[in-house]
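Just below is one structure, and these are the notes that go with it.
Protein chains get the first letters and strands the later ones, always in sequence-line order, with residue 1 at the start of each.
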Number of protein chains: 2
Amino acid sequence: MTETAGGRDAEAVSKFVESFAAQLVEAGMQRMPARVFAALLSSDEGALTSVELGERLRISPAAVSGAVRYLTMTHMIAREREPGSRRERYRVHGDQWYEALTNREAVIKRWETALREGVASLGPDTPAGRRMAETLAFFEFVDEEIVKMMERWRGRRDQLFGEGRSLAEDR
Amino acid sequence: MTETAGGRDAEAVSKFVESFAAQLVEAGMQRMPARVFAALLSSDEGALTSVELGERLRISPAAVSGAVRYLTMTHMIAREREPGSRRERYRVHGDQWYEALTNREAVIKRWETALREGVASLGPDTPAGRRMAETLAFFEFVDEEIVKMMERWRGRRDQLFGEGRSLAEDR
DNA sequence: CCGTAACTTCACAATTTTCTGAAAGAAGCG
DNA sequence: CGCTTCTTTCAGAAAATTGTGAAGTTACGG
């Protein structure tokens with residue numbers, strides 16, 4: 001019973017890929033990046049080549065290229081050169097991708113900037129200005145907290161899955 | 001010097017509204033809900049009527065209606081009946097809206113469901129299945145942590161802004 | 001109860017987004 | 001060095017999204 005072999009219930013896997021991608025889309029990610037990411041996540045290697053992605057998802061090389069560019073920029077995946085070949089492999093960042101998801105540092109920072117401008121525009125003594133200020137304080141708080149939370153997570157992860165080589169089996 | 005009066009640097013306020021809305025859009029919110037929300041946030045009352053929203057943002061009643069429906073469903077705002085009038089007011093949920101933003105309970109729950117299905121489809125003993133399982137554990141962890149974080153936030157908020165009536169001046 | 005003000009729903013037009021095929025651009029291998 | 005294989009870019013067709021006007025619905029006030 002070779003369950004990890006090539007055609008291991010491809011049906012069910014594809015179904016999962018699409019349904020997980022749909023969740024990501026609903027959370028704001030573009031469709032193609034979401035599908036590509038889900039495909040990588042569900043691969044045993046945690047990595048696939050462009051061609052493999054194109055085949056599994058039935059999309060053109062161009063679509064793969066675009067999706068991969070986005071995912072690389074947002075640090076959800078890494079690109080690797082397969083030695084001795086001009087093929088490229090794309091790999092889920094093991095235990096870093098959901099940090100990227102949660103963190104969204106850049107996003108939060110921009111919000112904070114916008115809110116600071118808001119306080120300035122509205123005046124810190126107006127009711128609206130005070131509301132902005134409190135909201136701003138909230139985001140600053142969240143910022144700090146998330147850093148600490150991720151530290152705690154790493155602790156628990158090691159405890160649950162063993163420190164040795166959890167998902168970071170590679171790299 | 002009536003700074004809170006009607007025409008308090010409407011220019012600057014509008015500029016803030018649009019720029020904050022743009023951030024929300026970038027984070028995945030639809031345009032109209034984002035603009036409506038930003039407008040409410042920057043109003044001194046923390047609440048506006050449909051007509052006021054339409055005027056400030058230069059959009060049709062239909063657009064207001066759609067935006068408001070979305071925002072109500074996601075618990076970002078509340079609707080109030082103005083007594084003795086058939087006008088409706090929409091109010092930012094004071095200190096609850098960013099909880100809704102951060103929480104996204106529903107979203108996380110759906111992700112967890114999808115991931116559980118993933119583990120089942122892929123088999124818990126495959127490498128991919130193990131990766132799903134770890135990801136799932138992460139979300140479950142985040143779930144718990146966010147609850148605690150919000151409790152800590154309320155503590156700090158009371159400390160920073162005074163327990164009496166911070167933003168929850170109404171309701 | 002009727003008149004009317006406020007809000008909602010619906011179909012459509014306009015815009016924007018998305019994905020593809022085709023062509024151009026790199027980079028290993030012989 | 002040129003051939004071949006893989007990836008990226010680009011223009012455009014197809015599809016989805018968005019916001020509007022207009023008709024419809026609700027419910028207050030008289």
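B:Arg79 comes within 4.0 angstrom of the backbone, heavy atoms only, and of no base. Counting non-hydrogen atoms under 4.0 angstrom, A:Thr49 reaches nothing in the nucleic acid. If you check every strand for non-hydrogen atoms under 4.0 Å, B:Ser50 touches sugar and phosphate atoms only. Within 4.0 Å of A:Gly66, counting heavy atoms only, lies no atom of the nucleic acid at all.
For the pair B:Glu82 CD and C:dC7 C1', the computed distance is 14 Å after rounding to whole Å. Between A:Leu48 atom CG and D:dC6 atom C1' the separation is 16 Å, expressed in whole Å. A straight line from CG of A:Leu53 to C1' of D:dT8 spans 16 Å, rounded to a whole angstrom. B:Arg35 has its CZ atom 12 Å from the C1' atom of D:dT18, to the nearest Å. Spacing between atom CD of A:Glu80 and atom P of D:dT7 amounts to 13 Å, rounded to whole angstrom units. Note: CZ (B:Arg87) to P (D:dA27) measures 18 Å, nearest angstrom. For A:Glu26 and D:dT17, the CD to P distance is 12 Å, given to the nearest whole Å. Rounded to whole Å, atom P of D:dT17 lies 10 Å from atom CD of B:Gln30.
One N or O on the side chain of A:Thr72 and one on the backbone of A:Val68 form a donor-acceptor pair closer than 3.5 Å. A:Arg56 places no side-chain N or O within donor-acceptor distance of the main-chain N or O of A:Ala10, the cut-off being under 3.5 Å.
Both A:Met32 and A:Arg81 lie close to DNA chain C; mapped to their nearest nucleotides by heavy-atom distance, the more 5′-ward contact belongs to A:Met32.
A chain of hydrophobic side-chain contacts below 4.5 Å, direct or via other Ile, Leu, Val, Met, Phe, Trp or Tyr residues, connects A:Val107 to A:Met150. Under the 4.5 Å side-chain contact rule for hydrophobic residues, A:Ile108 and B:Leu24 share a cluster. Under the 4.5 Å side-chain heavy-atom criterion for ILVMFWY residues, a single connected hydrophobic cluster contains both B:Phe139 and A:Val17.
Of the listed nucleotides (D:dC6, D:dT7, C:dA6), C:dA6 has the atom at the smallest distance from the side chain of B:Arg86. Of the candidates C:dG21, C:dC7, C:dC10, the closest approach to any side-chain atom of A:Ala62 belongs to C:dG21. Closest to the side chain of B:Arg69, from the set C:dC19, D:dT9, C:dT9, is C:dT9.
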